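Scroll down for the structure; my scribbles are underneath it.
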Protein chains: 2
Amino acid sequence: MIPNTVPVNQTPEEKFREYLSSRVKPQRFTEQQREMVRYIFGQHEHFDAEQLMGDMKAAGLVLSRATAYRTLAKLVDAGLLRRLLTGDKSRFEHDYGYPDHDHFHCMKCNKMIEFHLPEVERTLSELAREHGFVASRHNLIVHGTCDPCNQAKTPRRLLDLI
Amino acid sequence: MIPNTVPVNQTPEEKFREYLSSRVKPQRFTEQQREMVRYIFGQHEHFDAEQLMGDMKAAGLVLSRATAYRTLAKLVDAGLLRRLLTGDKSRFEHDYGYPDHDHFHCMKCNKMIEFHLPEVERTLSELAREHGFVASRHNLIVHGTCDPCNQAKTPRRLLDLI
DNA sequence: ATTCTTGCAAAGCCTTTGCAACTGC
DNA sequence: GCAGTTGCAAAGGCTTTGCAAGAAT
């Protein structure tokens with residue numbers, strides 16, 4: 001449904017280096033940052049800070065919580081990652097080298113299904129223009145339950161019984 | 001652009017009472033809850049928990065933080081309020097008696113501008129159906145800067161100078 | 001009377017930050 | 001060597017929760 005990639009002419013690592021060095025106040029590219037970028041772009045799941053640290057630790061890569069958060073913020077700012085607002089904590093996904101898309105979020109299994117609706121985006125930017133609003137990005141998540149979870153037909157839980 | 005209200009046949013207070021008494025385990029309607037419902041539906045701004053408590057206190061109505069949060073959760077569950085995910089904290093707005101809509105969120109002045117695009121909703125539910133996804137609600141926020149803030153033309157701040 | 005709600009303060013959770021040691025450039 | 005980065009632990013901001021006292025049904 002969504003093509004897997006968009007052609008890019010730099011690796012995520014290169015793009016990040018470029019971002020860092022182009023700052024008014026140049027920033028440094030460290031080993032921890034390199035490991036994070038490589039690990040993150042070596043897979044394609046949505047993740048949150050805690051998951052990332054856990055997975056990297058399991059892969060023998062260690063970094064402190066502080067560095068994880070600090071670097072994630074830079075990666076978002078650099079346009080390499082996109083931050084998703086799902087309610088509680090921040091979740092991240094690839095931005096660079098991956099087409100724009102929105103999500104279905106399954107409230108049962110927590111899975112995120114990507115989709116892309118160009119006409120919706122066109123409609124939105126048109127409306128924004130009419131309002132004199134300068135749109136920079138949007139966040140669209142449709143909450144519900146996914147097909148597998150619906151098929152499962154688990155007897156619904158009576159939340160009020162407690 | 002958006003009609004101000006949708007016809008409803010119960011006051012918010014009545015609807016909340018009904019919700020409370022229809023629970024498997026009936027809940028009680030207290031004075032603090034009544035004050036909250038009346039205060040909230042007596043105005044029409046978007047608000048967060050802290051603002052609500054501050055405003056109510058200024059109006060001579062007191063309630064504890066715990067009660068504010070607990071009641072807001074019930075009001076959302078009852079379909080009276082809608083919870084908006086703007087990133088940091090939860091913001092709320094009327095749901096009952098107010099048409100579905102989405103938002104432009106101004107990143108400079110924090111204002112939220114409402115809009116309603118039926119065709120977008122139609123497109124989304126169609127796509128959901130195709131995926132076997134059962135959608136229950138969605139959250140769409142377009143971030144950017146609003147017309148007044150754009151007109152203001154304040155010299156842009158060099159965030160990197162620090 | 002029973003059972004839910006309140007208020008307080010403490011704890012929880014995610015995220016940020018001060019500071020000394022460290023490292024990229 | 002200078003200036004930015006790391007790691008630790010502590011603090012921060014928003015939200016939830018345990019518990020005893022109070023209130024709704």
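Chain identifiers are assigned alphabetically (A, B, ...) following the order of the sequence lines, protein sequences preceding nucleic acid strands; residue numbering begins at 1 within each chain. All of these numbers come straight from a predicted model, not from anything done at the bench.
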How many whole angstroms separate atom [atom1] of [X] from atom [atom2] of [N]?
{"X": "B:Tyr69", "N": "C:dA10", "atom1": "OH", "atom2": "C1'", "result": "16 Å"}
{"X": "B:Leu52", "N": "D:dT15", "atom1": "CG", "atom2": "C1'", "result": "15 Å"}
{"X": "B:Gln51", "N": "D:dC14", "atom1": "CD", "atom2": "C1'", "result": "13 Å"}
{"X": "B:Leu85", "N": "D:dC14", "atom1": "CG", "atom2": "C1'", "result": "14 Å"}
{"X": "B:Phe16", "N": "C:dT5", "atom1": "CZ", "atom2": "C1'", "result": "11 Å"}
{"X": "B:Leu63", "N": "C:dC8", "atom1": "CG", "atom2": "C1'", "result": "13 Å"}
{"X": "A:Arg65", "N": "D:dT6", "atom1": "CZ", "atom2": "P", "result": "15 Å"}
{"X": "A:Gln27", "N": "D:dT6", "atom1": "CD", "atom2": "P", "result": "10 Å"}

Side chain of [X], heavy atoms from C-beta onward: which of [options] has the nearest atom to it?
{"X": "A:Thr67", "options": "C:dT15, C:dT6, D:dG7", "result": "D:dG7"}
{"X": "A:Ser90", "options": "C:dT5, C:dA9, C:dT15", "result": "C:dT15"}
{"X": "A:Arg28", "options": "D:dT25, D:dT6, C:dT23", "result": "C:dT23"}

Given 3.5 Å as the limit, does a donor-acceptor pair link the side chain of B:Tyr96 with the main chain of B:Gln10, or not? yes

Is the distance from OP1 or OP2 of C:dT3 to the nearest side-chain N or O of B:Lys25 less than 4.0 Å?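 Answer no for this pair, as no side-chain N or O of B:Lys25 is under 4.0 Å from OP1 or OP2.
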
B:Lys89 vs D:dG13: side-chain N/O to OP1/OP2 distance below 4.0 Å: no

Could you give the distance from [atom1] ([X]) to [atom2] ([Y]), rounded to the nearest 0.5 Å?
{"X": "B:Phe47", "Y": "B:Glu93", "atom1": "CZ", "atom2": "CD", "value": "9.5 Å"}
{"X": "B:Glu130", "Y": "A:Asp147", "atom1": "CD", "atom2": "CG", "value": "12.5 Å"}
{"X": "B:Leu80", "Y": "B:Thr71", "atom1": "CG", "atom2": "OG1", "value": "11.5 Å"}
{"X": "B:Leu52", "Y": "B:Arg91", "atom1": "CG", "atom2": "CZ", "value": "13.0 Å"}
{"X": "A:Glu119", "Y": "A:Glu126", "atom1": "CD", "atom2": "CD", "value": "12.0 Å"}

Answer with yes or no whether A:Arg70 presents, from its side chain, a donor or acceptor under 3.5 Å of a partner atom in the base of D:dG4.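 When only heavy-atom distances are counted, A:Arg70 does not reach the base of D:dG4 through any donor-acceptor pair under 3.5 Å.
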
Under the salt bridge (Lys or Arg N to Asp or Glu O under 4.0 Å) test, residues paired with B:Glu18 that sit two or more places apart: none

Contacts to DNA chain C from residues 30-40 of chain B, heavy-atom cutoff under 4.0 Å, which residues? B:Thr30, B:Gln32, B:Gln33

For residues 54-64 of chain A, dump all side-chain donor-acceptor pairs below 3.5 Å to protein atoms at least two apart in sequence or in another chain.
| from | atom 1 | to | atom 2 | distance (Å) |
| --- | --- | --- | --- | --- |
| A:Ser64 | OG | A:Thr67 | N | 3.2 |
| A:Ser64 | OG | A:Thr67 | OG1 | 3.0 |

Those residues that, when tested against B:His46, pass ring-ring contact (aromatic ring centres under 6.0 Å, His included) (two or more places apart): B:His103

Presence of salt bridge, B:Asp95 and B:Arg137, under 4.0 angstrom: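 Salt bridge flag = no for B:Asp95 with B:Arg137.
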
Assign each of A:Arg83 and B:Lys74 to its nearest nucleotide of DNA chain C by heavy atoms, then name whichever residue's nucleotide is nearer the 5' end.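 Here B:Lys74 is the residue nearer the 5' end.
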
Bending between helix ends of the helix from C:dA1-D:dT25 to C:dC25-D:dG1 [5 pairs per end, 10° resolution]: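 Answer for the end axes of this duplex: 40°.
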
Taking atom CZ as the centre, does A:Arg65 end up with more than 12 heavy-atom neighbours from other residues, nucleotides or ligands that are less than 6.0 angstrom away? no

What are the residues of residues 53-61 of chain B, sorted by number, that bring a heavy atom to within less than 4.0 Å of DNA chain D? none

Relative to the 5' end of DNA chain D, which residue comes earlier, A:Leu20 or B:Glu50, by the nucleotide with the nearest heavy atom?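 Nearest nucleotide further toward 5': that of A:Leu20.
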
Going by the angle between their ring planes, with limits at 30° and 60°, are B:His94 and B:His44 parallel, tilted or perpendicular?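 Perpendicular.
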
